[in-house]
Amino acid sequence: MTLKLDDVRRAAHLARIAIDDTEAEATLAQLDRVFSLIGQMQAVDVSGIEPMAHAQDLMLRLRDDRVTEGNQRELFQSSAPETEAGLYLVPKVIE
Amino acid sequence: MLVAAPSAMSITTLQQIANRLAAGECSSVEVTQDYINKINELNKSLGCYITIDAERSLTQARAADARRAAGKAGALTGVPLAHKDIFCAKGWLTTCGSKMLGNFVAPYDAHVVERCDTEGMVTLGKTNMDEFAMGSSNETSHFGPVRNPWDVTRVPGGSSGGSAAAVAAGLAPAATGTDTGGSIRQPAALTGICGLKPTYGLVSRYGMIAFASSLDQAGPMAHTAADLGLLLNVMAGHDPRDSTSLQRPAEDYNRDLEKPLKGLRIGLPREFFGDGMSADVRRATDAAIAEYQKLGAQPVEVSLPNMGLSVPVYYVLAPAEASSNLSRFDGVRYGHRAAEYGDLLDMYKRSRAGGFGAEVKRRILIGTYVLSHGYYDAYYIRAQKLRRLIAQDFAQAFKACDVIMGPTSPTTAFRLGEKSADPVQMYLSDIYTIAVNLAGLPGMSIPCGFGEGGLPVGLQIVGNYFDEARMLNVAHQYQLATDWHRRAPRGVTA
Amino acid sequence: MKWEVVIGLETHAQLSTLSKIFSGAPTAFGAEPNTQACGVDIALPGVLPVLNRGAVERAVRFGLAVGAKINSPSIFARKNYFYPDLPKGYQISQYEKPIVECGGIAIQVGDAEKTVRLTRAHLEEDAGKSLHEDFHGRSGIDLNRAGTPLLEIVSEPDMRSAEEAVAYAKALHTLVRWIGVCDGNMQEGSFRCDANVSVRPAGSDKLGTRREIKNLNSFRFLQQAIEYEVQWQIGELEDGRAIEQATVLFDPDSGETRMMRSKEDAHDYRYFPDPDLLPLEVTVQQIEAVRAAMPPLPEARREQFRARFGLTPYDAGLLTASRELADYFAAAAEGADAKTGKLCANWISGALSARLNEDNLEIAASRIDASRLRGLVDRIADGTLSGKMAKDVFDAMWAGEGDADAIIAAKGLKQISDSGTLEKIVDDVLTANAQQVADYRAGKEKAFNSLVGQAMKATRGKANPQQVNEILKRKLAG
Ligand SMILES: [Mg+2]
Ligand SMILES: [Zn+2]
């Protein structure tokens, strides 16, 4: 599988990272190298192997349904780029 | 200027500081002030710390002295350390080495920070690191590179390069680090100190800014194996806020330090001793194995047949997880927001393009691509299957041996800029460490000699799950017989 | 051409936990913006999710109630997309292995009964809210709702009309409240539906291209939106245009649906298992504990009511509209025979429901409790009260004047059923109204009613009308 410029642009769009044509070209060249490294994975037969998603073979631990967190809005919003009336502000969201 | 030659000057260990504090030979304030002075003198040229706050540190030191006076001191109360800037520490600037978090003051403490604070340890500052822990040379930090105290033209390794260089240069007696693919062990090796990545789940990831959640693990970095154990005793412990934190009884990781090594079976994987490593690293590694034989251990040849695929597998899984973990940095609730933008989409794109550095963006794109429609099975699922094969290789190997040994890094510290043009060259500097993260096993690196140019070489020791106490025993016995760990770069020790 | 409508519903039911699905922040509705959004909910760097046991238990309860399979383990995945009300840039949901699979919901439309099959029900977190009021042309983000536990219940495309879809949504709504997993408050968004609608030529077994109508938060909107969408799709097809897969929004003001995004801008969600959350196991013991604590379900209660009191399916359906109502009826009709039970049912779905509606009260807040209602019904059954008198007693009970017997005594409302007394009264009436007697005998049937009225008037309405009728008839015939 070789990467195309459009793949880079599409990934950048999905990841919400602005990328101009020069950057996209440069990135494509680097990603080509990375994906030829990744391509080594094809050498091994993995049929019948269970994917391993976690480092441990354990089941999830649950917490009790209790309220433990109080209001910390002022503290949390002290490092926010833009707030008003307790809300985080962003450019108009259009549905 | 710092000089790049090994010397036999003395190092200061956590244990020494703890002993002096306990004996009343000095106060925490005095010890802390000494380190602050050294940091002020050397940090500019080494770049170990991103943030220092002497007043904050001294306030902690005074509290520790008062606690000791009240007879309530723990083993490390009043002992200073540095925290990698990946750990949230309430009231401290916490940047993760990124412009994205260039002005982020953490509103809460990571579990690791909380535990160190509870022990009464003093935070000297937040150490430099590769941006979001993505790198093996500390050159991706937004706050500039860290320089290797053994040769300032060389990198300290990464991503915990600031922590490693701080300990090596005597700017902290110990530090916390994190290791996703070798980020504790490789910089420890390149700066001549010790570093331990525990079994996945032993140390809570709560408050540690995530890179690749299923691989990330925090651990101690220090001069000696015994110090690693002391600090791990503080760092490790169950945390209900991390669903992958293990529930295990507390243990003293230094309980077995003095056990003799007679009969210890050391597994030497064929794949670790191929042509990958440089001649000087090979010499030092072989010598270390020989030393172990003198101590009564027996080498056993083992095999990790799928180890060669660990780098490709890692560069699918880690970027995939990272691409998702780093989506929260969108310029809405905290962090960098572009100065100029149009609509919402534009705000996202410019804020993220401007807030992240090149390597981070590269990995986000790799991760986004391998998870995207049509590629998921070919890349992500295949990588997870290979991950299992790699883990099974280790399980097989541990049937024949007690610990596995090999090089930590294929070379000694490389020059700044030497590998930054080619990501793949950089990725390959972790070929010996990555498999351990994929399996979730504990791994450590200890100094085992010097290579060309007088640069430190690290020996990697990999244990079976939860075998940290044995690994520390194995390292400590070696350190009783050798003095590599006592060497310090000339001109840097006090 | 004749068209067949095919509808499947995806319903988001907010689970009735105290705290959020992955954090310890409260789920209460209506707080000041961002005061119920903790570090996990606003996705601070370094925070981690920990699953709420209460949400899991509720999902299992739902699964058992619909006869589904409980998967163990089930897997949490990340659904990745950027939106300002989604703080992590991904929603934690279940994808490949949901906690609940299969099962079904019985519905009734008119006299027809059918079962709508469920595909799955999975646990996930809700997003926050974007507010579009005026913030200098910007949107405000409130994350209080972020992290609220949801059960997304996905049906098979088994419904064939808007009516069936509404019947399904109502049955589901009743069920989730019945088993206590969701408060069902649709205004607050605790229960909202997305409808997948397509049409195909009648008789075809190939599905048409569907469009998904998002976020319908009332049964009326659900009905209107589907009806509009069906007409629109048929119109397009009959005009020779193909339907394109799309997501649409319903505008209640215009009654129309409009396109939100087409298939081309469909997201690539890049689902993958969440590395922060291990597989979720539900043991057989846990499932059995949930099963043991399960209340009898609506269907079982309906059956029971029909068998015991001979209620019609319609009445049994009314009385099982909620568990509280069914409990009320069961308490009122306790130990009753079929006749009294039916009377209870009639009074509950008649006068009582009307009063509750008028005063906007839930059955649990009724001013007349079940045992008092039964007291009233007993006095009707034993002939003490006429229908008219019973209504007066009911009103007095509603007004808080005590139980039926006390009101009957206080108002002297007891019906006169003593035949000696009634004979005497009728005799007096006949004597005093010779003209009407003559009229009746001359064939004027209406005169009879007038005589009954006189007898009732003489007793201030307390005479048992049936008896008065009989006595009059006998005496006039004699
Ligand atoms: Mg859906
Ligand atoms: Zn959903």
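So that the names make sense, note that chain A is the first sequence line, chain B the second, and so on, each numbered from 1. Owing to the predicted nature of the structure, the values given are computational and were not obtained by experimental measurement.
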- Task: Just give me the residue among C:Pro273, C:Gly140, C:Ala55, C:Gly54 that pairs up with chain A most often, heavy atom to heavy atom, under 4.5 Å.
- Result: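 Going by pairs under 4.5 Å, I would pick C:Gly140.
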What part of [X] lies closer than 4.5 angstrom to a heavy atom of chain A: side chain, backbone, both or neither?
X	result
C:Leu131	side chain
C:Pro84	side chain
C:Ala37	backbone
C:Phe22	backbone

- Task: Only pairs at least two apart or in different chains count here, so list each side-chain hydrogen bond (donor to acceptor under 3.5 Å, both in side chains) that has a residue in residues 11-20 of chain A.
- Result: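 Those involving residues 11-20 of chain A are A:His13-B:Lys349.
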- Item | Within residues 38-51 of chain C, residues adjacent to chain A where the heavy-atom gap is under 4.5 Å |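 So the qualifying residues are C:Cys38, C:Gly39, C:Ile42, C:Leu44, C:Val50, C:Leu51.
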- Is there a side chain to side chain contact (heavy atoms under 4.5 Å, CB included) between C:Asp268 and A:Arg10 once you walk through the steps? CA-CA 10 Å; C:Asp268 182 344; A:Arg10 179 170 159 70; 3.2 Å; yes
- Most heavy-atom pairs under 4.5 angstrom with chain C, which of A:Glu74, A:Met59, A:Arg61, A:Arg63?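 That would be A:Arg63.
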- C:His132 and A:Lys92, any side-chain heavy atoms less than 4.5 Å apart: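 When only atoms from C-beta onward are counted, C:His132 and A:Lys92 do touch, with a gap below 4.5 Å.
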- Would you say C:Ser19 and A:Arg66 make side-chain contact, with heavy atoms under 4.5 Å?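 The answer is no; the side chains never approach within 4.5 Å.
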- Message: Counting neighbours of CZ on C:Phe135 that are heavy atoms of other residues, nucleotides or ligands and sit closer than 6.0 Å, is the number greater than 12?
- Response: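 Count over threshold, so yes.
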- Message: Around atom NZ of C:Lys97, are there more than 12 heavy atoms from other residues, nucleotides or ligands closer than 6.0 Å?
- Response: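 Correct, the count exceeds 12.
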- Query: Heavy-atom distance under 4.5 Å to chain C: side chain of A:Glu82, backbone, both or neither?
  - Reply: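 The side chain, not the backbone.
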- Query: Looking at A:Asp64 and C:Asn52, what are the two nearest heavy atoms and their distance?
  - Reply: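 That closest heavy-atom pairing would be C-OD1, 4.3 Å.
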How many angstroms lie between [atom1] in [X] and [atom2] in [Y], if you round to the nearest 0.5 Å?
X	Y	atom1	atom2	value
A:Asp65	C:Arg58	CG	CZ	6.0 Å
A:Leu14	C:Tyr269	CG	OH	11.5 Å
A:Leu62	C:Glu57	CG	CD	11.5 Å

For residues 24-36 of chain C, which side-chain N or O atoms pair as donor and acceptor with protein atoms under 3.5 Å away, sequence neighbours left out?
unit_1, atom_1, unit_2, atom_2, d
C:Thr27, OG1, C:Thr17, O, 2.8
C:Thr27, OG1, C:Leu18, O, 3.1
C:Asn34, OD1, C:Leu143, N, 2.7
C:Asn34, ND2, A:Gly86, O, 2.6
C:Asn34, ND2, C:Ile141, O, 3.0
C:Thr35, OG1, C:Glu32, O, 2.6
C:Gln36, NE2, C:Ala28, O, 2.8

- Query: Salt bridge between A:Glu84 and C:Arg138, side-chain N to carboxylate O under 4.0 Å?
  - Reply: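 So A:Glu84 does not pair with C:Arg138 through a salt bridge.
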Under 3.5 Å, side-chain donor or acceptor atoms of residues 48-56 of chain A against the rest of the protein: list the pairs with distances, not counting sequence neighbours.
unit_1, atom_1, unit_2, atom_2, d
A:His54, ND1, C:Pro275, O, 3.4
A:His54, NE2, C:Leu277, O, 3.2
A:Gln56, NE2, B:Thr244, O, 2.9

